[in-house]
Structures are given as structure tokens and as C-alpha cells.
Amino acid sequence: MATILLSSRLPTTGTATPSPTRPAPRFLSFPGTAIRRRGRGPLLASSAVSPPAPASAAQPYRALPASETTVLVTGATGYIGRYVVRELLRRGHRVLAVARSRSGIRGRNSPDDVVADLAPAQVVFSDVTDPAALLADLAPHGPVHAAVCCLASRGGGVQDSWRVDYRATLHTLQAARGLGAAHFVLLSAICVQKPLLEFQRAKLKFEEELAAEAARDPSFTYSVVRPTAFFKSLGGQVDIVKNGQPYVMFGDGKLCACKPISEEDLAAFIADCIYDQDKANKVLPIGGPGKALTPLEQGEMLFRLLGREPKFIKVPIQIMDAVIWVLDGLAKLFPGLEDAAEFGKIGRYYASESMLLLDPETGEYSDEKTPSYGKDTLEQFFQRVIREGMAGQELGEQTIF
């Protein structure tokens, strides 16, 4: 039976004082737009929750060598963010990486661990949910030429989604613009094209803010990267099957499909966006190489690699519908259960919706129209996990099955 173990903790960190010699800034602000949750009153207004950041002239950089450019990265200790930092460093960029004082799964990494892991990037410990602290902590390290935001809410809870996927991401944009960033790369998700969940709505709302900022200032550009599934999200059953248990899937295993992409390939694609003018001011769906795979095909691949006869448990999707119906009803009586109901919807979404481009002409998910990038395949990933386990690929606080 599927279980979802999720939480929405995001520890805060200390703040720093801005340099007293920094000139008094002028300010850039974004339009205040009330955000409504379906069937409810306003949740927040961007002008109310996100104080303006100091504006600095955009730093033109595309004619400069990578060694003369500085890229700001938030979410730098996250699953994809760590690889983005490493790829940018490999290409010669100077990297300004923002991290929490305790990072990693359940905050197990100390500041010293983070600095060592991201070296030789310049690490700044700050709180992306506090715009004043973020700006103060980053101010001594500017200017920056571009920024990459890899932030994502930990569990997808209602409040946490708006706090991180919208507000903290907006704080990153404001701070980056204040430090002179001329380009902003957002790590989004392909599933926002069919927004049924709160974190998807929050991400889409920020995408709107990003496009509005580019329209306001022609010297500023952006790239919205919408990847399909990550390898680690498909590796949770490898050890289970390796130990002789059956592979669990919903329905007949053909309800959905995806073109998973490795963390290294995705980080390379994100790094490409820094210089590639063809990727400017665009939404960029991206998957890994090869054809889309259903859960059934993923399971069959795993059994083949293990040299075993396939054994499947097929869970009726209606079971999740019943659980969600109960949780939704209880959440109306007990608001504290709001996130539990949302987590159920997240599980249902990923069990039945394909992580592929939604063709606007047909209304169907399209394998052929989902762009592919990179060289790493899911089969290679499974082979590595069979040999070495999931070290470095832990699902942490977002686990299904």
C-alpha cells in the first residue's frame, strides 16, 4: 500500500547586517497581486509579503568569459541545486551559493559540511523566506550577473508551497535583481502545465512574476526550466525488488509515463541557459534521452536487470480517491488536516498523470513532443543503484511506497 511521508519544515537561519558603506539604493518593486486558493479568500499579496529589493543596473555578461561572471544559486544544497553549483564551477563561473545553516535531509549537514560540499563556491548562509535577511547577507558579495533558483517546498503542503515555491523564490528574484542580475533561471516542473495542486499554482504564480519583470525591463531575461521526473523519484523500489518483494504500481501500470532525466544532465541543461540566448525568455520543458516509460515498463526493466521473473502488485487507483475524499472532508472540520489532504492529492496526481509535455492541440501527453537532453538513462541508474544502493539519492521526506 502506498504511504506518503512528507513534512513541511524549513528551518530559519540568522541574519546579517548590510555593509555600512553600501550606497543607499533605489528600489524596484513588483505589482501586488492577490493570490486566491480555489474556493477560499486571499492567501497573500506579493506587495505585502515581499518588500522591494534595491535595484542595480543589469550586468551584461554574455560577451564575458565564464571566469568573469558570478552566478547566484539558491536551493544550492538541494537535490538538483548541488549539481547545478558543481556544473557551474566546472564551466568556470564564480558561484555565490545560498544555504541554510542546517541543510540536507532533516538538517543533518552542518555549515562546515556545506562549505566542503560546495567548494570552491562562495557559500552564504541565509534565510530565503526572510527578504531583508537575504538581501543583507548577499549585499557584500555583489554584483552578480545571473541567478539560478532551485528552491522547492519540501513536502508540497498548502502554506509551505506558497512560502517557498512563490514567496522565497520571489525573494530570490528581488535580491538577484538588486545585485544586478541580467538573467534568471528558474527550476520549475513540467507538471505545472496541469495545475491541480497548491505547489503547482504557487510555481505558476511566480512564473508570471518573472515574465512581468522581463517585460518591464528589456535588459533582463529569464529561462523557466520544466523537467520531467528525476531518477531518484523512480528508484525507491529498487532495494525492495532486489530483496525479493514485488514491484508496486497503480492500476495496470500504464496510467502514466515519463522521460526521466538525471541530476547531472539537468544541471548541464540549466547551466546552458546562462549563455544560450535561444533559451532566453522561454519556458523549456525537458526530459532525458530515450522513449517515455510507464511504471509497468520501469518494473519490467528492473526485474530484467536483476534476472528475475516479474512480480507486480497492482493497487486500484480508486483506493487513493477514497482516501482523498475522506481527508478532504475531515480537513473542512479540522483545518490541521489540510496538508494531509493535499499530500493525498499529490500522490494521486503522480500516480495517474504523465510527466510529459501536454500537447495543447490534442489535450494529450506527448512523448514525441517532450524534448530530450543528455546521455544518462534510467537503465544505467537502476544498474548503479543495484550495485551501490541509493546513497546520495535518498528520498528523504518525500517518499511514496
Side-chain angles (χ1 to χ4, degrees), residues 1-6 37-38 79-80 152-153 155-158 161 165 187-205 207 224-237 247-261 266 283-288 290-299 312-325 327-328 339-372 378 395 398-401:
M1 184 63 63
T3 53
I4 302 175
L5 306 176
L6 300 157
R37 302 200 328 250
R38 195 171 291 178
Y79 174 58
I80 299 300
S153 56
V158 174
S161 292
D165 293 305
L187 175 59
S188 186
I190 201 166
C191 62
V192 303
Q193 63 191 335
K194 188 175 181 180
L196 303 179
L197 305 169
E198 214 63 44
F199 82 88
Q200 297 166 339
R201 299 183 188 110
K203 286 181 180 293
L204 276 177
K205 180 60 188 172
E207 289 186 15
V224 174
V225 179
R226 292 181 177 176
T228 59
F230 302 148
F231 281 0
K232 81 165 184 178
S233 65
L234 305 178
Q237 296 194 69
Y247 187 93
V248 182
M249 59 190 182
F250 287 97
D252 61 0
K254 301 178 183 179
L255 293 175
C256 57
C258 65
K259 296 176 74 169
I261 187 167
L266 179 55
V283 173
L284 303 164
I286 194 67
K291 67 181 286 290
L293 298 170
T294 65
L296 176 62
E297 290 170 321
Q298 295 165 32
F312 294 100
I313 291 180
K314 300 179 179 180
V315 180
I317 196 72
Q318 292 79 7
I319 290 180
M320 295 195 76
D321 293 334
V323 171
I324 292 168
W325 183 81
L327 290 173
D328 260 342
D339 279 354
E342 187 70 11
F343 299 155
K345 295 172 186 175
I346 292 172
R348 173 66 164 82
Y349 190 100
Y350 285 114
S352 58
E353 299 289 343
S354 290
M355 297 298 107
L356 299 170
L357 186 68
L358 194 61
D359 188 337
E361 295 181 0
T362 65
E364 302 291 332
Y365 292 108
S366 173
D367 179 358
E368 294 75 16
K369 293 189 177 182
T370 304
S372 295
L378 183 64
L395 294 171
Q398 300 188 36
T399 303
I400 297 180
F401 296 116

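What you see below is based on every heavy atom in this structure, not just the backbone, and it leaves out hydrogens, waters and symmetry mates. Everything quoted here is computed from the prediction, not taken from an experiment.
For K314, there are no salt bridge (Lys or Arg N to Asp or Glu O under 4.0 Å) partners two or more places apart in sequence or in a different chain. Every residue two or more places apart in sequence or in another chain that forms a salt bridge (Lys or Arg N to Asp or Glu O under 4.0 Å) with E297 is listed here: K291. With sequence neighbours excluded, the residues forming a salt bridge (Lys or Arg N to Asp or Glu O under 4.0 Å) with K369 are D359, listed by chain and number.
Remark: E353 CD to C191 SG distance equals 9.5 Å, nearest 0.5 Å. In this structure, NZ in K345 is found 4.0 Å from CG in D328, a value given to the nearest 0.5 Å. Residue M320 holds its CE atom at 12.0 Å from OH of Y350, rounded to the nearest 0.5 Å. K205 NZ to K203 NZ: the interatomic distance, rounded to the nearest 0.5 Å, is 16.0 Å. In this structure, the separation between CG on L293 and CG on L234 is 8.5 Å, given to the nearest 0.5 Å. Distance check, rounded to the nearest 0.5 Å: OG1 of T370 to CD1 of I261 gives 11.5 Å.
In terms of modelled atom types and a separation under 3.5 Å, the side chain of T228 and the main chain of K259 share a donor-acceptor contact. No donor-acceptor pair closer than 3.5 Å links the side chain of T294 to the backbone N or O of K254. Although no hydrogens or angles enter the test, the distance criterion places no donor-acceptor pair under 3.5 Å between the side chain of S188 and the main chain of V225. The backbone N or O of E342 lies less than 3.5 Å from no partner atom in the side chain of E198, so there is not a single donor-acceptor pair. In terms of modelled atom types and a separation under 3.5 Å, the side chain of Q193 and the main chain of L356 share a donor-acceptor contact.
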Which is it for L327 and F343 under the side-chain contact (heavy atoms from CB on, under 4.5 Å) test, yes or no, and what are the steps along the way?
CA-CA 10 Å; L327 290 173; F343 299 155; over 6 Å; no
Given the rule in the side-chain contact (heavy atoms from CB on, under 4.5 Å) test, do R201 and S161 qualify, once you have shown the distances and angles that lead to the verdict?
CA-CA 9 Å; R201 299 183 188 110; S161 292; over 6 Å; no
Working note: I286 + L266, criterion side-chain contact (heavy atoms from CB on, under 4.5 Å); need CA distance, chi angles, decisive distance, verdict.
CA-CA 8 Å; I286 194 67; L266 179 55; 4.2 Å; yes
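Nearest approach of C258 to A229, heavy atoms of both residues: SG-CB, 3.9 Å. Nearest heavy-atom pair, S372 versus G288, reported as atom, atom and distance to 0.1 Å: OG-O, 3.1 Å. Closest non-hydrogen pair, F199 versus D165, comes out as CB-OD2, 3.6 Å. The minimum heavy-atom distance between P285 and P371, with the atom names listed, is O-CG, 3.3 Å.
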